[in-house]
Asks: 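Got a structure for you, written out below as structure tokens; questions coming shortly.
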Amino acid sequence: MKKDAFYFMKKAMFQAVAAEKRGEVPVGAVVVRDGRVIGRGGNAPIGDRDPSAHAEIKALRRAGRKAGEYRLNGCELYVTLEPCLMCYSAMVQARIAKLVYGAADPKGGIFSTGAFDGVKHVFNHRIAVESGVLAEPASRLLSGFFNARRGAGRKVTSDK
């Protein structure tokens, strides 16, 4: 079986589903080196009581520990949702070679919001970017999560 972007994005989706089961926003990420996953992460800011515990950061930390270094030259990061500025900056620091993401994030994504255009001149490392891989299932997972959250607070009233 050839391991392609869809294969690794499915691994990231598994992490997103696991995050959702823990009550976290369903975002998942994996770091890949030489065709092997070396770091996994699902969103965990609530459970970890850590605002930086995004899926990408968790995956980068685990990959760094496994690799025995903080520089992850040649690695790829697959994430179900477009990264925020913090996560993209961490990828630059780690020297990630390629970012592949699923769903766009028009409210907080580094590219969709235009934030990248304002800060790209400060980055000393360039990351190849591919977007839209399994975007539809990733988007459905997120929409379902937020629709359930919004619906949980509603009271049903009678029209009598």
Side-chain angles (χ1 to χ4, degrees), residues 4-20 22 24-143 145-146:
D4 59 7
F6 293 98
Y7 175 87
F8 292 115
M9 190 61 76
K10 286 177 187 175
K11 299 282 187 191
M13 286 291 294
F14 181 81
Q15 296 299 313
V17 170
E20 181 180 39
R22 294 189 307 271
E24 304 278 358
V25 175
V27 179
V30 295
V31 175
V32 176
R33 176 179 271 167
D34 298 326
R36 295 181 49 187
V37 174
I38 64 166
R40 295 173 169 78
N43 261 9
I46 298 166
D48 287 3
R49 294 169 183 83
D50 177 359
S52 70
H54 290 196
E56 301 94 323
I57 303 292
K58 301 284 285 185
L60 288 168
R61 287 176 179 156
R62 289 180 176 133
R65 283 194 294 275
K66 183 159 189 164
E69 57 190 344
Y70 76 99
R71 292 283 166 90
L72 300 170
N73 293 312
C75 289
E76 301 170 346
L77 190 141
Y78 295 80
V79 62
T80 59
L81 181 66
E82 178 184 354
C84 68
L85 177 59
M86 173 185 71
C87 291
Y88 187 85
S89 297
M91 289 177 227
V92 169
Q93 295 303 314
R95 301 300 191 263
I96 292 296
K98 184 175 183 180
L99 161 66
V100 180
Y101 69 88
D105 183 1
K107 291 183 180 178
I110 188 166
F111 305 110
S112 295
T113 62
F116 183 75
D117 293 331
V119 298
K120 65 184 173 187
H121 66 280
V122 302
F123 294 128
N124 60 346
H125 172 73
R126 300 288 178 249
I127 299 173
V129 178
E130 181 179 348
S131 63
V133 177
L134 295 183
E136 188 59 36
S139 184
R140 276 196 312 269
L141 184 63
L142 286 157
S143 294
F145 174 83
F146 287 115

Asks: Are any side-chain N or O atoms of Arg71 and backbone N or O atoms of Ile96, one a donor and one an acceptor, separated by less than 3.5 Å?
Replies: no
Asks: Give a yes or no answer on whether the side chain of Arg40 reaches the backbone of Arg62 with a donor-acceptor pair at less than 3.5 Å.
Replies: no
Asks: Run the side chain to side chain contact (heavy atoms under 4.5 Å, CB included) check on Val100 and Glu76 step by step: do they pass?
Replies: CA-CA 8 Å; Val100 180; Glu76 301 170 346; 5.7 Å; no
Asks: Give a yes or no on whether a salt bridge exists between Arg61 and Asp48, defined as a side-chain N under 4.0 angstrom from a carboxylate O.
Replies: no
Asks: Does Phe123, at its CZ atom, have more than 12 non-hydrogen atoms belonging to other residues, nucleotides or ligands within less than 6.0 Å?
Replies: yes
Asks: If I compare all heavy atoms of Pro45 with all of Ala53, which pair ends up nearest, and what's the gap?
Replies: CD-O, 3.3 Å
Asks: Relative to each other, are the rings of Phe111 and Tyr101 parallel, tilted or perpendicular (30° and 60° limits)?
Replies: parallel
Asks: Check for a donor-acceptor pair, side chain of Ser139 on one end and backbone N or O of Ala135 on the other, with a separation under 3.5 Å.
Replies: no
Asks: Please check if the number of heavy atoms outside Phe145 that lie under 6.0 Å from its CZ is greater than 12.
Replies: yes
Asks: Can you find a pair of side-chain heavy atoms, one from Asn43 and one from Pro26, that are under 4.5 Å apart?
Replies: no
Asks: Is the backbone of Asp105 close enough, under 3.5 Å, to the side chain of Glu82 for a donor and an acceptor to pair up by distance?
Replies: yes
Asks: So with a 6.0 Å cut-off around CG of Asp34, is the heavy-atom count from everything else above 12?
Replies: no
Asks: With no hydrogens and no angle check, is any side-chain donor or acceptor of Glu24 less than 3.5 Å from a backbone partner on Gly42?
Replies: no
Asks: Taking everything shown except Arg36 itself, do over 12 heavy atoms lie less than 6.0 Å from its CZ?
Replies: no
Asks: Are the side chain of Arg95 and the backbone N or O of Val92 linked by a donor-acceptor pair below 3.5 Å?
Replies: yes
Asks: Apply side chain to side chain contact (heavy atoms under 4.5 Å, CB included) to the pair Leu142 and Leu81, showing each step before the final yes or no.
Replies: CA-CA 9 Å; Leu142 286 157; Leu81 181 66; 3.7 Å; yes
Asks: Quick check against the 3.5 Å criterion: does Glu56 have a side-chain atom that pairs as donor or acceptor with the backbone of Met91?
Replies: no
